[in-house]
Q: 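I'd like to ask some things about the structure below.
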Amino acid sequence: MADNRTASHVKHIGVLTSGGDAPGMNAAIRAVVRTAYYHKLTISGIFEGFDGLINDEVKPLGVRDVSNIIQRGGTILRSARSKAFRTTEGRQAAKETMERHGMDALVVIGGDGSFKGASIFSSEHGIPTMGITGTIDNDLGGTDTTIGFDTATNTAMEMVDRIRDTASSHDRLFFVEVMGRTTGAIAVHCGIAAGAEFVMVPEKKQGINELIGVLECAAKSKSSVIVIVAEGDEEGGAYEVARKVKERFKHYDTRVSVLGHVQRGGRPSVADRLLASQSGVAAVEGLIQGRKNAMAGIVNGKIVLTPFEQVIGLKKTVDDDLLRILSILAI
Ligand code: F6P
């Protein structure tokens, strides 16, 4: 096989996963490791997110260390939401770990909070960093979608399909809670795909009255009704929404199903594996080309690196048109 590897001023990259895990993180780790190898760089895995950087949980990774992980959910590097990395002392310890191992660049696979940490770390210590989107929430600016979102939404849709079977058999009204503390992307996408009658999301104040109106119509002609509630909806979670509806409609036979962390696990979809692979290559090659402090995302089908300062805090919210489509189709 031809050796196309090139030399670079970046010599040793550290890679970590941070925040809530997402299906496809392993595919991203694999892509980072193999791209680094391809370009003759050394690569080390940092375990337990930024905590592992502070506590020196670092191990060199070879190309075979990432064999047979592309199909696995979770993250072989494990993940954490680090409190210590929010402090200057924590970041100082992290920098010392990087120096001890000779790591001169960092790839962070995670979400907005993780990129914020990486960006502060870089400005304090001059270490080039790159972000790869790893969150099921699909709430990041600078990218059309995030690694894990497609798999999580498909999982949620499959669960709702199953719930529809039993709901129709018993003429029931189901409230299904999906993940999304601050965003309703999973709720809306899954809601359209599974033909839900109503979706409640944190970004939009819909209120119980609007829901009641939809339920009154649906109850006249439908054998089952499914309401999807994003966990962060301001009316409360699915149990709370169900309680409020039941107060008004005592005769409804209602049930609640909270899908929870089932959405975070499982084999990543083709779309997530592909995005993870493309992002991993782009992040490492970006560092080699001297790019730094940017996030690899996908915009209109193309992988792009967007500076952290343009994406951090730029929360993507659900598309109003998708909510409109849902309401048209839920008749
Ligand atoms: O960040 C992704 C996410 O799945 C959110 O939608 C959810 O609220 C949160 O993580 C729950 O995370 P954990 O249970 O790990 O704290």
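In this chain, numbering begins with 1 at the start of the sequence shown. When a ligand or atom number is given, it counts from 1 through the structure's own listing order. Quick caveat: nothing in here was measured; it's all calculated off a predicted structure.
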Q: Using a strict 4.0 Å threshold on nitrogen-to-oxygen distance, state whether R181 and E231 make a salt bridge.
A: no

Q: Taking the basic N atoms (NZ, or NE/NH1/NH2) and the acidic carboxylate oxygens, is any pair closer than 4.0 Å for R243 and E240?
A: yes

Q: Please identify each residue that fulfils ring pair (Phe, Tyr, Trp, His ring centres under 6.0 Å) with H125, with sequence neighbours left out.
A: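 Checked H125 against ring pair (Phe, Tyr, Trp, His ring centres under 6.0 Å); matches are F121.
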
Q: What does the 4.0 Å heavy-atom contact list look like for ligand 1?
A: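 Within the 4.0 Å shell of ligand 1, which is judged on heavy atoms, sit R81, I136, D137, M179, G180, R181, E231, H261, R264.
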
Q: Which pairs would a plain distance check flag for residues 103-114, meaning a side-chain donor or acceptor within less than 3.5 Å of a matching protein atom at least two apart in sequence or in another chain?
A:
residue, atom, partner, partner atom, Å
D104, OD1, K11, N, 3.3
D104, OD1, H12, N, 3.0
D104, OD2, K11, N, 3.0
D112, OD1, G313, N, 2.9
S114, OG, S18, OG, 2.8

Q: Just grab all the ring pair (Phe, Tyr, Trp, His ring centres under 6.0 Å) pairs involving residues 296-329, residues at least two apart or on different chains.
A: F115-F308

Q: So, R164 and E197, do they make that salt bridge, N to O below 4.0 Å?
A: yes

